[in-house]
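Bear in mind the structure is a predicted one, so any value in this text is a computation, not a measurement. What you see below is based on every heavy atom in this structure, not just the backbone, and it leaves out hydrogens, waters and symmetry mates. Sequence lines set the chain letters: A, B, ... in the order given, protein chains first and strands last, and positions in each chain run from 1.
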Amino acid sequence: MSEFVIEAEQVCKEYRVFGSVTPTLMNALSRYHRKNARVIKALDDVSFRIRKGETVGVIGPNGSGKSSLLGLVCGTLSPTRGRVRTVGVLAPLLELGAGFHSELTGRENIFLNGAILGIPKETIRRRFDHIVEFSGLRDFIDMPVKHYSSGMYIRLGFSVAAEMDPDILLIDEVLAVGDVTFQLKCLERIRDFQKRGRTLMIVSHSLQVIEEFCGRALLLHRGKLVAEGDPSEVVFTYLKNYMNDSNEIRTTEYGTQEAVIEGVTFRDEKNLPADTFHTGRPLHIDIAYLATKRIEKPVFGFSVKTANGVYIFGSNTQIAQFPLDAIEGRGVLRLTIAPLTLMHGNFFLSLSIHSWDHLIQYHRRDDWYPFGVKNPTSALGLFQLDTRWSRPES
Amino acid sequence: MSVIQDILGRRELLYNLVLRNLKSRYKDSVLGFLWSVLVPLFMAFIYVVFLYILARGVPISEILIGVFAWQFTAQCVMNGMGSITENASLIKKVSFPRLILPLAATLSNLVNYLLNLVVQFGIVAVILAFQHERIPFQALAVPLVIAYHTLFCFALALFMASLNVFYRDMQHLIGVVMTAWFFVSPVMYSMSMVASLTDKFHSPLPMNLYLLNPMAVIIFAYRALILPETTFPVTGFVLAALLWPLLFFVLAYVIFKKLERLFADVL
């Protein structure tokens, strides 16, 4: 058993918030201000421990206390109650370019940023050419960074940050910025970190990143630690129970409500209700509806998206040539996906009922129903392709 | 002292922040460093002309010394005030001894002041040469005054830095306070003008009250050491007055240390 390098014991963090005004002397003097002071609990009795070499993801809706938690671990914030203990050199992967000074040249900023991140000057000097090469900014290195484009800013910032070698690396949402090449470089660097047995703590809205990189995930909701454990399961809990709380994924609902989707049951191959399914096996979706009046030739539609919003497949009863004569009152319609060709991950189902000519939308729920998929094989990717290997007959 | 150890541990950061402050100050213009000397020189020139018109002759060298010393203090107050708020992104994201930021603001102004002093000493030497005089031997003690002056400036920077985080409208107030302080400091007048208070009120009390202003003691001390004609009688009261800026430093330090935990919350 390896040692714990991050330990949080019953940590609480409270902020006193005075409306939205910046703190001023005038406000402090006015009585109105005192009445307005409000205490916000960003973290409430949170305890967890992280072992050396672990990669732990933190997820939760906006305002659930993720960044506060990272700030407490980093030491930039101090807990109102409780205790956070860390072992070893700790560094945050900065919002790239934070700490840059616009008047200074790229070269000068490399040294300044290095000093901010606590990288010894000798290291920077020795690795200078490598940093410049990595950033691809050799021609601009003696130009003040205020003339840089935002992409150049990010590249330079990351090139310096990549030289860090702390025991614990804290990452807050930086993975979401930059172009694709940059993101790949960034992820590459994180894998490199993991290989060398360093500890990582990642806050991200990219649930796929959390599932892909983390060995464990923490789920925060309104400042409380509500779930902890296997990333896929925690992400699923999040999607199922907490996501609708916030507006992060637009779960929307609209329609005339003349016919409504009352409930949805996911069933596995044994016809038992479940919320996680296996690649290659059937998935049944029972849609319970209620039509308050007789509707001729209604059309039921559905679509499936990944947790990150990538549209995978969408169809309806019309396209599938499953004509419905009419609906009235309660009823159930079954949609079967067999075999399930989705791979490991969490997905969203959207459903709709509309008229045959698409003019009337009776009821539509977008991204309303989450479900998880597990892939028992070690094949990778988003989608299972029907493949076989052979030697061509010549 | 673990604080000193912490700061020494991050001396590369301190060095780079001082360098950043100096570079960004000198970089923006072609004249660079020259501006930082020219501005106080222009100011000194204005005071000299103005006082000449008022027929209150104050020696040019005394005004020069006053203006340069005042400039150091004023800039430490202004830069110190912004040292935390202007680095909000760093405070929120990186953990390092917060003290480094106001310290860097003070030290970069100190470097600037020392460079200015070279120019100041040059000009004063030339003026004295015209009067067939020389900068006296006791000017060697000037570094002691600079050290004391710097400590006081650091205390001001610390105090203003922590205050400005919680009262962001400080800058409006501080403009007025600095103007008032400028007039009660002997920047553009000499010791004799203050000494006349004693005759006027037949009591040493006003003079002693006046000397409670640390900038008065500091500027008088500079002048007494650099200019052969100027003296500054060191009384028991003056020695006592020298103590309170040290107490102010301790106070500013304690306040800063107490509040720094909350910086990231408020910024």
>> Please classify the contact of Y15(B) with chain A as side chain, backbone, both or neither, using a heavy-atom distance under 4.5 Å.
In response: side chain
>> Just by distance, no angles: are the side chains of N109(B) and N79(B) close enough, under 3.5 Å, to form a donor-acceptor pair?
In response: yes
> Which bit of I119(A) comes within less than 4.5 Å of chain B, counting heavy atoms only: side chain, backbone, both or neither?
Replying inline: backbone
> Top residue by heavy-atom pair count (under 4.5 Å) with chain B, among G114(A), S68(A), P120(A)?
Replying inline: P120(A)
> Just by distance, do the side chain of S185(B) and the backbone of A216(B) share a donor-acceptor pair under 3.5 Å?
Replying inline: no
> Under a 4.5 Å heavy-atom cut-off, does chain B meet the side chain of F111(A), its backbone, both or neither?
Replying inline: both
> Only one of F183(B), Y222(B), Y47(B), W181(B) forms a ring pair (Phe, Tyr, Trp, His ring centres under 6.0 Å) with W70(B), so which one is it?
Replying inline: W181(B)
> With no hydrogens and no angle check, do the side chains of T85(B) and N164(B) hold a donor and an acceptor under 3.5 Å apart?
Replying inline: yes
> Given the options K92(B), E260(B), R261(B), which has more heavy-atom pairs under 4.5 Å with chain A than any of the others?
Replying inline: R261(B)
> Is the F154(B) ring parallel, tilted or perpendicular to the F249(B) ring (thresholds 30°, 60°)?
Replying inline: tilted
>> Taking every non-hydrogen pair under 4.5 Å, which of L90(A), L77(A), L70(A) racks up the most with chain B?
In response: L77(A)
> Where does R20(B) contact chain A at under 4.5 Å (heavy atoms): side chain, backbone, both or neither?
Replying inline: both
> So, F68(B) versus Y113(B), ring centres under 6.0 angstrom or not?
Replying inline: no
